[in-house]
Each structure stands twice: as structure tokens, then as C-alpha cells.
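A quick note: this is a predicted structure, and the numbers were derived from the prediction, not measured. In what follows, chains are A, B, ... by sequence order, proteins preceding strands, each numbered from 1.
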Amino acid sequence: MTDPWKAQLAGLTEAQRQAVEHTSGPLLILAGPGSGKTRVITHRVACLLRQGVPSRAILALTFTNKAAQEMQARVARLVPGQPVWMGTFHRFCAQRLRHYASLLGLQPNYSIYDTSDAKAALKVAIEQSRVSTSHVTPEQIGSAISRFKNRLLLPEDLADRRLESSRETIAARVYPIYRQSLLQANAVDFDDLLLHMACLLRDYPDLRSELDARYQYVMVDEYQDTNLAQYAIARGLSIDSPNLAVVGDPDQSIYSWRGADRRNVLQLEQDYPELTTIRLEENFRSTPAILRAADALIRHNRQRKHKTLWTHRPEAAAVRLVQYASDLEEAEGIADAIASAVQSGQRRYSDFAVCYRISALSRTLEMAMRSRVIPYYIARGVEFYQRKEIKDVLAYLHLLNNPQHDVALRRIINVPVRGIGAKTVDRLQAYAQEHGVYLLAACRQAGLVPGIPPRTAGLVARFVAMYDRLSIKSAAPLEDLLRELLDETKLREYYEAQQDEDADNNPVANLDELVSAAVEFDARHPQDGSLEKFLEEVALVSDTDEWDGESDRVSLMTLHAAKGLEFPCVFIVAVEQDTLPHSRSRESSEELEEERRLLFVGMTRAIDQLQLSVARRRLVRGAPRIVAPSHFLFELPRDEFEVIETQDPARFMPRSGDWDLPDRQWNDEPDFIQHDAMDESDSPVQRAGLGSPWPLGIHAARVRQAAGLEEDQSELHPSKSTRPGRISRRGPSTMKTAADLLREQQQGSGVPPEAYQVGMVVSHPRYGSGRIQTLSGAGLKRTAEIVFFSDNLPHRFVLALTPLTIEEQAE
DNA sequence: TGGCCTATTTTTTTT
DNA sequence: AAATAGGCCA
């Protein structure tokens with residue numbers, strides 16, 4: 001009889017086997033896409049177990065529950081009966097922190113604020129800290145605080161620190177107050193889970209060494225996406241027993257916006273001089289053509305160590321690059337392609353994935369699938385747990401679990417309507433703050449709160465009484481509690497009353513779905529079920545995790561959600577400028593490189609077939625737009641592609657030597673391939689702060705310079721017109737000063753602003769003809785956004801001031 | 001006070 | 001298109 005373990009090892013490559021068998025001492029596995037990373041992790045865990053390591057000494061940290069579940073299942077198959085703890089960093093921390101809550105000034109039943117809870121708390125904190133909010137949004141403050149936390153900075157650490165921007169300065173003022181309010185609410189946000197854990201490990205050496213001893217073997221998946229806090233946790237658990245094994249691929253780092261820091265790789269080398277590095281470069285997933293394309297793309301990243309991707313797979317279909325006339329055609333074309341492949345028996349639905357940069361793009365695809373009765377799974381745009389009615393019910397549960405959860409109380413004190421208005425809540429809040437109690441406590445004394453009339457106080461008292469009645473039941477099985485709650489609060493009635501005919505969004509059905517989730521939870525936890533546990537699970541489970549590879553459905557998902565998955569056929573849609581790369585990431589070359597990695601991740605999901613597509617027209621925020629193909633497309637080897645133009649030979653796709661965008665005439669450079677230097681932040685275009693890189697950016701910059709205008713023409717800044725030179729190729733005759741323009745424009749055109757309509761083709765003396773994309777405002781302020789045929793870029797005009805001629809009525 | 005209407009702004013990505 | 005904020009009326 002052959003040893004099954006030997007057989008398993010025999011199925012691995014040399015590099016993989018090395019990684020699997022390297023069980024003691026620090027280990028860095030650099031694993032390219034499709035290199036059998038999961039396989040290595042699971043076999044490595046199995047190897048540890050075979051060596052007699054007790055399963056409780058192993059800890060595997062992942063980024064998504066989905067990844068954890070899959071690994072767990074695969075380990076269970078290799079070594080049955082020895083369950084190993086695998087889960088997200090956040091879940092691990094949440095569970096550990098229950099035990100040590102008191103060290104942090106929390107109680108074990110602490111709440112985990114989700115994003116919107118945190119935002120609500122933050123808004124209150126911003127008001128209390130009396131900072132000027134004229135130039136910063138709460139989101140910006142929130143993300144700055146989040147960055148502090150991810151970098152392990154506490155409010156007191158910021159005092160003597162030079163802050164990088166005024167935004168950070170403001171955030172630093174709000175931060176302590178926000179933290180205080182969380183503490184008072186016995187709550188943590190997502191970042192706190194990591195931050196608190198890291199601080200515990202740092203500040204309590206005994207605790208740290210105890211946990212270090214307990215978790216002898218720590219593994220981290222997707223290491224390139226860890227932030228400093230996460231690194232500190234992994235490090236803190238792996239000092240005495242430095243058997244830390246991390247797996248990652250810097251080329252797939254796509255979460256820097258969440259604080260991920262690719263420098264953690266360097267940090268690792270520093271903290272573990274004896275680190276062993278193993279590279280997995282053989283790709284077992286994709287065809288050579290797909291790999292070549294992906295590699296060609298990622299080569300354009302400067303901040304990168306080169307890696308060779310290779311495969312034994314035979315040559316197969318070329319990567320397709322398809323141009324559709326519109327987003328609608330794109331969606332329908334893809335849906336048709338899927339339908340016919342399935343019909344002919346070549347493929348099943350679950351072989352396909354359609355990926356997009358932003359989830360707003362799922363809509364059109366979804367409709368196309370639905371109209372063809374193609375079963376699909378969608379990484380939910382609107383998450384289940386984010387829906388109003390669900391959040392309302394959960395807020396009640398949160399409040400029952402943690403009476404100090406002020407955010408929850410605020411949410412539901414008047415849902416359903418009880419006659420307790422904002423004014424009353426404000427007064428209660430002020431009273432609570434003054435007496436240093438939480439909101440529910442203040443409600444109990446509503447009669448004493450200044451300014452609250454007796455009648456309203458009575459209403460508040462009734463609410464509190466109802467809360468107390470429910471509170472008695474809060475230890476009951478979740479299903480019972482939930483039904484009781486829906487009854488007692490009259491929430492079910494409330495939602496039944498406002499039920500629309502829209503079958504699409506049915507609140508009552510959602511409530512039922514929540515009840516079944518509770519039933520399921522009860523069944524899963526017959527002994528140890530608790531409200532607290534349920535809420536924790538809800539907080540840490542995103543809908544992406546419910547993805548189920550079993551059923552035969554097409555997957556629709558964002559590129560981020562696609563990470564870690566693979567599909568025989570992958571479509572990536574809307575590979576267009578301002579979408580991929582996203583318009584928000586054009587500022588820095590770092591962000592641009594991250595966008596490139598994102599496309600790289602998407603492309604390398606494909607096993608057999610990959611199609612990238614662009615549309616010419618697309619609805620953007622409900623308004624029709626002419627869009628340009630992503631300049632990433634021009635970084636890909638054209639001869640690798642099968643280029644398909646479905647319609648409208650507008651020749652905006654890259655074809656041999658044929659690049660027919662209008663700005664060509666101002667651009668002497670022979671070949672776009674040479675232009676990646678433009679991506680560098682030190683390029684003149686970038687330095688001048690003039691928008692996107694080549695090619696459109698150059699043109700736009702020149703046009704704007706020539707016009708002496710930025711986009712908003714309602715306020716002309718003559719000083720800007722004095723920017724000299726660099727427009728010589730257009731010739732002096734086309735140059736006008738802002739003053740000229742102003743004079744011209746003040747005349748307007750005589751056409752009443754209200755007469756313009758979306759879709760009209762109009763002519764502008766400077767830009768030529770273009771189509772009206774959007775209209776807003778009224779009267780003298782009525783503004784049009786026009787995309788000109790000359791540059792394909794949107795420009796805004798105040799109609800009353802702009803001399804436009806109507807060339808063509810709207811279609 | 002509260003509900004409703006309108007106007008404006010927004011939207012990257014997720015634990 | 002959808003969500004949010006602000007304004008107005010019952």
C-alpha cells in the first residue's frame with residue numbers, strides 16, 4: 001500500500017513541496033496567480049498535523065470568510081477530524097477580544113459597528129469636536145482616522161507628530177472624541193478590532209507570550225494586503241515561536257485604500273533575518289496567451305520586482321478585445337455569448353464570470369441576464385444586511401445586546417413612528433452627555449430632561465417599557481426573540497403597511513429572510529448560540545462570502561471580489577478610461593499602479609478564455625456619456641488580441657498603427673507604447689496637475705491651456721489664462737485670452753437656457769461640435785455638460801453665458 | 001413636528 | 001439612477 005501522504009506530495013512541484021515541508025522557522029511564499037497557493041497552504045497545514053502539531057496550535061488568517069471556509073474544507077478533506085481555526089483577521093480579533101475586553105475598557109458584550117454605524121457615530125463626534133467642516137467631508141475625516149488606526153496610531157501618538165495635510169489635522173482633532181464615544185457605547189469599529197488586538201499584544205507582554213505559545217504556527221494568506229495593524233498581530237504571535245508563514249503576491253495588492261502596505265514584505269525581512277523565501281511562479285491556471293497579456297500589462301508597473309510567469313499549458317484561444325457600441329450592447333452581447341455556449345453544450349453557466357470595476361455596472365448586466373433567463377449570482381450591490389428594514393431590526397437586537405449602543409437607539413427610537421422627534425432625541429442626547437450616561441439611560445429619565453414636554457416624556461417612557469419587556473426575552477432562542485420583536489415593536493405591521501407593489505424590493509420578504517437566517521443560526525448553535533454571537537457574525541460576514549461555487553450560475557462581481565477565484569471564461573467589462581483606471585486614481589502613479597494590478601488580478605482569473613471589452617457610449621450616473629478605452633489597453637500586446645468591433649467602425653480601438661483619436665494631430669509621438677513614462681509622477685503633464693495621463697490628458701491639458709480655463713466656466717479666473725507657451729503646435733491664431741473668451745461668452749447665444757436638451761449637438765466657438773450630456777440648474781444658472789467630438793472630454797458651461805449654436809436636435 | 005417634495009450631489013474597491 | 005440634503009407645507 002502506498003502512503004497517501006507521499007502520493008499527495010508527489011502531486012506537487014518542487015517549489016510547492018519545499019513550501020509545504022518548510023514547517024519551522026519564518027517563511028515567505030511569493031505566489032503568482034494560479035500558482036497553487038491555496039494548495040500549498042492546505043497541504044502545509046496537513047503536513048503540520050501529520051507531524052503531530054495539535055490543531056489548536058495552528059492559526060490561519062485570511063481576508064475573507066470565503067477563503068477561510070474553502071481552505072478549511074480542503075484541509076478537512078486531507079486530514080479529517082482535526083479542525084483547524086481558519087478565519088479572517090477581524091473575526092479572530094473579535095473572538096479574542098471578548099476575553100480581554102476589560103483590559104481595553106470594554107465589556108465582553110461589546111458591539112461591532114458596521115460602516116454606517118461608525119459613520120453615524122463619527123458625525124456626532126465631528127459636531128462635538130467643533131472643527132470646521134467646510135473643506136472636509138465626514139468620509140474624509142473617517143478615512144483619515146481609519147488610516148491612523150491601521151498604522152497603529154492612537155490619538156495621543158498624534159500630538160507630537162507632523163501631520164501631512166490639513167485633513168489629517170482635522171481628523172486628529174476628531175479622533176479622540178470619536179474614540180471616546182465608541183468606548184462609551186461599548187463598541188468598536190472594524191479598524192478597532194485590529195488596533196485593539198495589536199495594542200493588547202504590545203502592552204501586555206504576559207498575554208502576548210501566552211498567545212504566542214498557544215499559536216505556534218501562524219499562517220497569513222494574501223499577505224500583500226495586510227496593513228500595519230495586521231502585521232503587528234501576526235508578528236506579536238510569532239516572536240517566541242517564529243513559525244510565521246505568509247503567502248502573497250505583491251502584484252495582486254489591491255487594497256491599499258484599506259491601509260494595506262506592501263512594505264510589510266520588507267518589514268518581514270527585517271524582523272526575521274532568517275526568513276526563507278520561496279517563489280511559486282509556475283502557473284497552473286491560465287493559457288499562455290492570457291498569461292502573456294497579463295504579464296505585458298503588469299510590466300508597466302514601476303514599483304515592482306519582476307516575476308516570470310510561465311505555464312506548461314498548450315497554446316489556445318487568443319484574448320479577445322471587443323468593442324461594443326454601448327453598455328447595453330456589451331451586456332447583451334456577453335449574455336448572448338454565454339447563452340449560446342451553454343446551449344451548444346460546450347459550457348455550463350458556472351464556467352463564466354463577468355467582472356467590473358465598480359458595482360454600479362452590474363445593473364445592465366443583471367438585466368441582460370434576467371431577460372435571457374440566465375441564472376446568475378451577483379456579489380450583491382445592495383447588501384442584504386444594509387437594507388433599511390433589516391438594519392432596523394438589527395438595531396433593536398443591538399440595543400438589546402448592548403444598551404449603550406447609542407447609534408442603534410437613535411436609529412429605532414422613532415421607528416415605527418412613536419412621536420419622538422429629532423428635537424427630543426437632541427435633548428436626550430444633551431442630557432446624556434451632561435450626566436455622562438448613555439442614551440437609553442437618559443430615556444429612562446425623560447421626565448427630568450429639560451425641554452421635553454410631559455406628553456413626549458410619556459411616549460419615551462412607553463418606549464423604554466417596551467424595551468424592558470423585550471429585554472427579558474433576549475436570552476431566548478434567536479428565532480423566538482426575533483418573532484417577538486417584530487410583534488412587540490409593530491415593525492412587521494409597519495413594513496406591511498408601506499409595502500409597494502415593487503416585487504423587486506419587498507421589505508416583509510426581507511424580514512422573513514432574516515427570520516430564516518435566525519432559524520439557521522439557532523440550528524447551527526444549539527448550545528452556544530447567543531445574541532452577541534449572532535450579531536458578531538452578521539457584522540463580519542459580507543455578502544461576498546455567501547458566494548457559492550456549487551450552483552450552476554454565472555458570476556457577476558467586482559474585480560476586487562474576484563480575487564482568489566478562477567473561472568474557465570472571464571469577461572471584464574468597461575475597460576475604459578475613468579472606470580479602469582478609475583477617475584479617482586489618476587492623481588498618483590501609485591494609485592494608477594494599483595488600478596493596473598486590479599486589471600491584472602481580473603485577467604489572471606481566466607483559465608481558458610478571457611475577453612476584455614469597452615463600450616463607446618455608456619450611462620454614467622444615469623446620463624449618457626461617450627467614453628474612451630482605457631489606456632491600459634494600449635499597454636497590451638496588440639498581436640495577442642483578437643480584436644472585434646461589433647458595430648460602428650469608429651476606430652477607437654487600438655489596431656495596428658491606427659490610432660484615430662482626434663488628438664493624434666497634436667501628437668507627434670509615433671507610438672503610444674513609448675508613453676508609459678507619462679505615468680511617472682514627474683512627467684510635466686502630471687506635475688502641472690493637469691489630469692489624466694496620455695493620451696487624452698495631454699490634449700485636454702493643451703486645450704484647457706489654450707482656452708485658459710478650467711472646467712467650471714461660471715467663474716472665470718483671468719489669472720489662469722497667463723500660463724505661457726507649450727501650445728505652439730496649435731498655432732497662435734487659435735489662442736485667445738480669457739478676457740476675449742469672457743467677452744465672447746457674456747454675450748451668450750440668445751437661445752434661452754431652457755431650450756437646450758440632452759442629446760442635442762451644439763457648436764462652441766472654441767471646442768467645435770459636441771453633444772450635450774447632462775443639464776442641471778435653471779435660469780441663469782442652468783449648466784450643461786458637453787462632450788466635444790474633438791477631445792471626447794466633458795466640459796461644463798453656464799448656458800446663459802456661452803455662445804452655443806444648436807446644430808442638431810436631440811435624437 | 002413630521003412628511004413630502006425638490007434640488008443637488010454622488011460612486012471605487014470591503015472587513 | 002439612486003441616495004441624500006434642504007425646503008416647504010399641512
Mind calculating the distance between [atom1] ([X]) and [atom2] ([N]) to the nearest angstrom?
{"X": "K149(A)", "N": "dT15(B)", "atom1": "NZ", "atom2": "P", "value": "18 Å"}
{"X": "F63(A)", "N": "dT15(B)", "atom1": "CZ", "atom2": "P", "value": "11 Å"}
{"X": "Q140(A)", "N": "dT11(B)", "atom1": "CD", "atom2": "C1'", "value": "14 Å"}
{"X": "D192(A)", "N": "dT15(B)", "atom1": "CG", "atom2": "P", "value": "18 Å"}
{"X": "Q69(A)", "N": "dT15(B)", "atom1": "CD", "atom2": "C1'", "value": "14 Å"}
{"X": "Y113(A)", "N": "dT15(B)", "atom1": "OH", "atom2": "P", "value": "21 Å"}
{"X": "N65(A)", "N": "dT15(B)", "atom1": "CG", "atom2": "C1'", "value": "8 Å"}
{"X": "I413(A)", "N": "dG2(B)", "atom1": "CD1", "atom2": "P", "value": "11 Å"}

Is atom CD of E366(A) surrounded by more than 12 heavy atoms (other residues, nucleotides or ligands) closer than 6.0 Å?
yes
Any protein N or O atoms within reach of nucleotides 4-7 of chain C? Criterion: under 3.5 Å, listing atom names and distances.
{"from": "dA5(C)", "atom 1": "OP1", "to": "K123(A)", "atom 2": "NZ", "distance (Å)": "3.4"}

If you only use heavy atoms from C-beta on, which nucleotide in [options] is closest to the side chain of [X]?
{"X": "T424(A)", "options": "dT11(B), dT14(B), dT1(B)", "answer": "dT1(B)"}
{"X": "A561(A)", "options": "dT1(B), dT14(B), dA1(C)", "answer": "dT14(B)"}
{"X": "R584(A)", "options": "dT11(B), dT15(B), dT14(B)", "answer": "dT11(B)"}
{"X": "R258(A)", "options": "dT10(B), dT15(B), dT1(B)", "answer": "dT15(B)"}
{"X": "R363(A)", "options": "dA2(C), dT15(B), dT13(B)", "answer": "dA2(C)"}
{"X": "F190(A)", "options": "dG2(B), dT15(B), dT14(B)", "answer": "dT15(B)"}
{"X": "H582(A)", "options": "dT11(B), dT15(B), dT1(B)", "answer": "dT11(B)"}

Describe the nucleic acid contact of L361(A) in one word from base, sugar-phosphate, nothing, applying a heavy-atom distance below 4.0 Å.
nothing
Reckon S583(A) touches a base, only the sugar-phosphate, or nothing at all at heavy-atom distances under 4.0 Å?
nothing
Any side-chain N or O of T115(A) less than 4.0 Å from the OP1 or OP2 oxygen of dT15(B)?
no
Would you say dT11(B) has OP1 or OP2 under 4.0 Å from some side-chain N or O of S359(A)?
no
Check the geometry between Y255(A) and dT14(B) and answer yes if their rings are stacked (centres below 5.5 Å, planes below 30°), otherwise no.
no
Quick test of your reading of the model: are [X] and [Y] salt-bridged, counting only N-O distances below 4.0 Å?
{"X": "D192(A)", "Y": "R179(A)", "result": "no"}
{"X": "E330(A)", "Y": "R618(A)", "result": "yes"}
{"X": "R597(A)", "Y": "E594(A)", "result": "yes"}
{"X": "E222(A)", "Y": "K37(A)", "result": "yes"}

Which residue lies more 5' along DNA chain B, comparing N414(A) with L598(A) via nearest heavy atoms:
N414(A)
Assign each of A422(A) and E591(A) to its nearest nucleotide of DNA chain B by heavy atoms, then name whichever residue's nucleotide is nearer the 5' end.
A422(A)
T364(A) versus D327(A), side-chain donor and acceptor atoms under 3.5 Å:
no
Near-ring test Y215(A)/F92(A), centroid separation under 6.0 angstrom:
yes
Where Y175(A) and L153(A) come nearest, the two heavy atoms and their spacing
OH-O, 2.7 Å
